[in-house]
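All figures in this text were calculated on a predicted structure; none of them were measured in a lab.
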Number of protein chains: 2
Amino acid sequence: MAIPRAAKTQRRTRIQEAKEEQILEAALDVFSVSGFRGSTIDQIAEVAGMSKPNLLYYFRTKEAMHRALIDRVLFTWLEPLRAFDAAGNPESEIRSYIRRKLEMARDFPRESRLFANEVLQGAPHIEDELKGPLKALVDEKADVIRTWAKEGKIVKCDPYHLIFSIWSTTQHYADFDVQVRAVLGQDNSGEGRFEDAARFLEQLFIDGLRVAQP
Amino acid sequence: MAIPRAAKTQRRTRIQEAKEEQILEAALDVFSVSGFRGSTIDQIAEVAGMSKPNLLYYFRTKEAMHRALIDRVLFTWLEPLRAFDAAGNPESEIRSYIRRKLEMARDFPRESRLFANEVLQGAPHIEDELKGPLKALVDEKADVIRTWAKEGKIVKCDPYHLIFSIWSTTQHYADFDVQVRAVLGQDNSGEGRFEDAARFLEQLFIDGLRVAQP
DNA sequence: TGTAATGTTTACCAACCGGTCAAATTATCT
DNA sequence: AGATAATTTGACCGGTTGGTAAACATTACA
């Protein structure tokens, strides 16, 4: 008799690792489009190219799949904010934060939509992460920004709303991709739109915050 | 024998009007949280306080409910952008556009989330509206902005990305409300956050666009 | 008041949903 | 090779889903 997910063996098989990877990849495809409630295990199974019971052999429930996916993606997702450095100078830090966030919107749109779906639907599965680790990280970086403002390096402004505005403007290009493409039309909806967006946003934030130019 | 939705009578009964209103109100509650696929007719029926077959007497399918809801809300939703006036001066136009959008995020968060859910999931039901009326409206307003830039009233910038950034920053407070509250903490997540956001965003956009002060 | 149209509900259906089970298949190790 | 553990699948289950049929109740109107 098989015991799911190698509760005995401690070490994970190559097969286990590969299959779990394969499942989470498919789950990301599906969850990021339809949200938790709107997705079905069958859909994920089909995308993953394996049978439903086989999926459930590696993840006991649909919720476990979602949980594993969120956990895996959350850390990576906050990487750019974590890299936000108090020691650096405001201009380059803000510039590179915007760039990094835009790159993530371009390269990992599914991850962005996964969170967007989750938060939009009331964040029933990640409330703790938001109120705990996320809030702590933002609090820390907000302090950095506040210090810059006090030192006259940037204009005085609410650091939380500054962070929100960078989040929203950059993630917009992943989450509302269809709308962006529709509005820009066929001609302008190539990959170049990310460069255009970067230029616009850097200008907006650097000038808007009256970042002191060295 | 009853014929659904008065295909014969042409004129809608008071009851019809009232019930359809009641249903769409409930549907907005449910769809805005769970998206189309994640919502069930039973949920809507319960919120509306009527039986499922009764709902289906007024709207033949779940899709018809969603369609009617989108159609009704779309017009209102674009009102602020429509009000954006070429004749006005850039500063007050941009200021009031931001204010209006923020007010909508505050007063009609369900409507915002309804669209967010829809677009996030690939806009399967409103693709035509995005590529048609929405694009046309944005094209028109983009021209206004471009003219302002040419006249030196604001800095030269991509008008489309400017509009996107106003959309995303303002709607963020409706769509990602849970996250905003979580990060701001209990103390700062009262209604005052909209005032704070307005102050920040006006400052950001007015300074960031180097709007000529008269 | 009678009656036809409109509105509402109960009972129901077939398809789908998340998840289980046991049997079959495959990989691993000696 | 043979034994054992890990993996995979088809068949299935109870509950839910979108939607229907038909009987019942209410309203509008002559």
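Residues passing the side chain to side chain contact (heavy atoms under 4.5 Å, CB included) test with A/K19, sequence neighbours excluded: A/I15, A/Q22, A/M50, A/Y58. For the ring-ring contact (aromatic ring centres under 6.0 Å, His included) test, no residue two or more places apart in sequence or in another chain qualifies with B/F200. Partners of A/R67 according to the side chain to side chain donor-acceptor pair (under 3.5 Å) rule, which considers only residues two or more places apart in sequence or in another chain, are A/D71, A/E129. For A/F108, the side chain to side chain contact (heavy atoms under 4.5 Å, CB included) partners are A/W77, A/M104, A/E111, not counting sequence neighbours.
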Provide a list of protein-nucleic acid N or O atom pairs under 3.5 angstrom, restricted to nucleotides 9-13 of chain D.
| unit_1 | atom_1 | unit_2 | atom_2 | d |
| --- | --- | --- | --- | --- |
| D/dT9 | OP2 | A/S51 | N | 3.4 |
| D/dT9 | OP2 | A/S51 | OG | 3.0 |
| D/dT9 | OP2 | A/N54 | ND2 | 3.3 |

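For the pair B/K19 and C/dT8, the criterion of a side-chain N or O lying under 4.0 Å from OP1 or OP2 is met. Contact check, B/Q16 against C/dG7: a side-chain N or O comes under 4.0 Å of OP1 or OP2.
The CD-C1' distance, from B/Q43 to D/dG18, rounds to 13 Å in whole Å. At whole-Å resolution of the value, NE2 in B/H66 and C1' in D/dT17 are 17 Å apart. In this structure, NZ of A/K62 is placed 8 Å from P of C/dG19, rounded to the nearest angstrom. Distance B/E20 CD to C/dT8 P: 11 Å, rounded to the nearest Å. Taking atom CD on B/Q22 and atom C1' on C/dT8, their separation rounds to 13 Å, with Å as the unit. Taking atom CZ of A/R60 as the reference point, atom P of C/dC21 lies 13 Å away to the nearest angstrom. For the pair A/M65 CE and C/dG19 C1', the computed distance is 10 Å after rounding to whole Å. Distance A/L56 CG to C/dA22 C1': 16 Å, rounded to the nearest Å.
Using bins of under 30°, 30° to 60° and over 60° for the plane-to-plane angle, the ring pair B/F84/B/W148 lands in the tilted bin. Between A/F164 and A/H161, the angle of the ring planes goes over 60°, which puts this pair in the perpendicular group of the 30/60° scheme.
Listed by first then second residue, pairs satisfying salt bridge (Lys or Arg N to Asp or Glu O under 4.0 Å) with a partner in residues 40-50 of chain B read B/D42-B/K52, not counting sequence neighbours. Pairs passing the ring pair (Phe, Tyr, Trp, His ring centres under 6.0 Å) check and including a residue from residues 117-136 of chain B, sequence neighbours excluded, read B/F36-B/H125, B/H66-B/H125. Pairs passing the side-chain hydrogen bond (donor to acceptor under 3.5 Å, both in side chains) check and including a residue from residues 179-191 of chain A, sequence neighbours excluded, read A/D177-A/R181.
Using a 4.0 Å cut-off on heavy atoms, the residues of residues 25-41 of chain B that approach DNA chain D are B/S39, B/T40, B/I41, listed by number.
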